[in-house]
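After the structure tokens below, expect a handful of questions from me.
Just so we're on the same page: letters track the sequence lines, and every chain starts at 1. Given the structure is predicted, the values throughout are model-derived calculations rather than measurements.
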There are 2 protein chains.
Amino acid sequence: MSHYPPSILKLIKNIAKLPGIGEKTAERLALHILRSPRTEVQKLSDSIMAAKENMRLCKTCFGLSDQDVCQICSNPARDDALLCVVEQPADMVAMEKSGAFNGRYHILSGVLSPMNGIGPDDIRLGELVAKIERGRIKEVVLATSTTVEGEATAAYIKERLEKYALKVTRIASGVPVGGDLKYVDQVTLKKAMEKRHDI
Amino acid sequence: MSHYPPSILKLIKNIAKLPGIGEKTAERLALHILRSPRTEVQKLSDSIMAAKENMRLCKTCFGLSDQDVCQICSNPARDDALLCVVEQPADMVAMEKSGAFNGRYHILSGVLSPMNGIGPDDIRLGELVAKIERGRIKEVVLATSTTVEGEATAAYIKERLEKYALKVTRIASGVPVGGDLKYVDQVTLKKAMEKRHDI
């Protein structure tokens, strides 16, 4: 690596800090950047800082936003009675991409994880309860991951919301669409069998 | 993708322009950047521009450098009588990493490729001949790739240098070290057999 001039070396090292980017890939990307037109390089460099500078959390759903209130929370066409609870901003984006949901979101910014010392006060549960107490929400869809921690978090929220007059639902788990049964793991198959339904 | 705020979207699009980085990876990298401390992000952004701004070609070997003459060309400890000819700056770095060469380099910045309209005047052949005419070089090692174009370029240079009193050599090709014979391609094996030598 020390065979590159210092400024290139620095660039390679900084790129290699990104997740999933090894030294070889970083080297390849750095050489590509050096070969690119100056305007392109400037755009990349600027957009990195701009995204970081402009990024804040939406005051309502706690998703990524570059305004105080994000595009979804400020959209009057969305259903105020439906609230989808997810772990992270990227989960919200994944759900949005599916186009299956037209309500509002609430991002927990984490999951309950006693092993890592993350309790109910460390994720945005208080804010969720406060939202529900305002009384406009009729259904809460728990869309945390189907991991052990995600399931535990969903179960905890379900229990905590029992005293409110609302429907609490959980996204379905089962065989992924397009999934070949022989490649689906046993736990998923078991779940799919348990949750079988009339057609 | 349009589910992200504009500044994040712009960052994702700029990252996705890098070679080998798809939209999914770009998304992952962008979210990582947003989660990173501001100083780290600043370092990355700055190093991109700094590398691009400082980068120039070494006046002597035409490799990447941030000075007029690169570290290798300005190193008095290296052998002036030995010149290694490579295609690209990255090839020089690969050779340097091997630690097998202590001479000087000459970077062609390409290979002869009649199919793509690249002839002898489009790569740094004139500069190579000029270097040789200065008379200090005793051996030229042709280390272009072992592709069809790399071989053709090596053959062309060999011919062109015939009138000078110097040794022209080619890097050896054969089975890579640590290579399992059954996974080595047929052309390489044929070459390795043809070039067999006493032990």
> Side chain, backbone, both or neither: which part of A:Thr25 has an atom under 4.5 Å from a heavy atom of chain B?
Replying inline: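 No part of it gets close to chain B.
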>> Which one wins on heavy-atom pair count under 4.5 Å against chain A: B:Ser65, B:Gly63, B:Pro19?
In response: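 Highest number of pairs under 4.5 Å: B:Pro19.
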> Under 3.5 Å, is there a donor-acceptor pair between the B:Ser45 and A:Ser45 side chains?
Replying inline: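 Yes.
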> Where the side chain of B:Lys52 meets the backbone of A:Gln42, is there a donor-acceptor pair that is under 3.5 Å apart?
Replying inline: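 Pair absent, no side-chain N/O of B:Lys52 close to backbone of A:Gln42.
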> Which of the residues A:Val41, A:Ile33, A:Asn54 is involved in the greatest number of heavy-atom pairs with chain B at under 4.5 angstrom?
Replying inline: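 Top option by heavy-atom pairs under 4.5 Å: A:Val41.
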> Counting heavy-atom pairs under 4.5 Å to chain B, which of A:Ile8, A:Leu34, A:Leu64, A:Leu18 comes out on top?
Replying inline: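 Heavy-atom pair counts peak at A:Leu34.
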>> Looking only at heavy atoms and a cut-off of under 4.5 Å, which of B:Lys10, B:Arg35, B:Arg28 has the most pairs with chain A?
In response: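 Looking at each option in turn, the highest pair count goes to B:Arg28.
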> In terms of heavy-atom pairs under 4.5 Å, which option from B:Cys70, B:Ser36, B:Ala30 contacts chain A the most?
Replying inline: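 The answer is B:Ser36.
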> Should the pair B:Asp80-B:Arg104 be classified as a salt bridge under the 4.0 Å nitrogen-to-oxygen rule?
Replying inline: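 B:Arg104 and B:Asp80: salt-bridged.
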> Where does B:Ile21 contact chain A at under 4.5 Å (heavy atoms): side chain, backbone, both or neither?
Replying inline: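 Just its side chain gets close to chain A.
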>> If the threshold is 4.0 Å, N to carboxylate O, is there a salt bridge linking B:Asp68 and B:Arg56?
In response: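 Looking at B:Arg56 together with B:Asp68, the answer is yes, because their closest N to O distance falls below 4.0 Å.
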> Looking at A:Glu27 and B:Lys97, does any basic side-chain N land under 4.0 Å from a carboxylate oxygen?
Replying inline: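 Between B:Lys97 and A:Glu27 there is a salt bridge, with a charged N closer than 4.0 Å to a carboxylate O.
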>> Need one label for A:Leu31: side chain, backbone, both or neither, based on atoms under 4.5 Å from any heavy atom in chain B.
In response: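 Contact with chain B: side chain only.
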> Quick check: are there more than 12 heavy atoms from other residues, nucleotides or ligands sitting under 6.0 Å from NZ of B:Lys17?
Replying inline: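 Atom NZ in B:Lys17 is packed in, count exceeds 12.
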> What part of A:Glu53 gets closer than 4.5 Å to chain B, counting heavy atoms only: side chain, backbone, both or neither?
Replying inline: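 A:Glu53 touches chain B through side-chain heavy atoms alone.
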>> Report which part of B:Pro89 has an atom under 4.5 Å of a heavy atom belonging to chain A: side chain, backbone, both, or neither.
In response: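 The answer is neither part of B:Pro89.
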> Is any NZ, NE, NH1 or NH2 atom of the basic residue among A:Glu194 and A:Lys190 found under 4.0 Å from an Asp or Glu carboxylate oxygen of the other?
Replying inline: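 A salt bridge is present here (some side-chain N lies under 4.0 Å from a carboxylate O).
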> When heavy-atom pairs shorter than 4.5 Å are enumerated against chain A, which of B:Asp46, B:Ile72, B:Asp66 gives the highest number?
Replying inline: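 Top count of heavy-atom pairs under 4.5 Å with chain A: B:Asp66.
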>> What I want to check is whether the side chains of B:Gln88 and B:Ser109 have a donor and an acceptor closer together than 3.5 Å.
In response: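 No, because no side-chain N or O of B:Gln88 sits under 3.5 Å from a partner of the opposite role on B:Ser109.
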> Given a strict heavy-atom distance threshold of 4.5 Å, which part of B:Gln67 is in contact with chain A: side chain, backbone, both, or neither?
Replying inline: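 Interface part for B:Gln67: neither.
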> Can A:Ser145 and A:Glu87 be counted as having a side-chain donor-acceptor contact under 3.5 angstrom?
Replying inline: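 Present: a donor and an acceptor within the cut-off.
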>> Let's test your reading of the structure: which of A:Met92, A:Arg38, A:Lys43, A:Glu40 forms the most heavy-atom pairs below 4.5 Å with chain B?
In response: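 Ranked by heavy-atom pairs under 4.5 Å with chain B, first place is A:Arg38.
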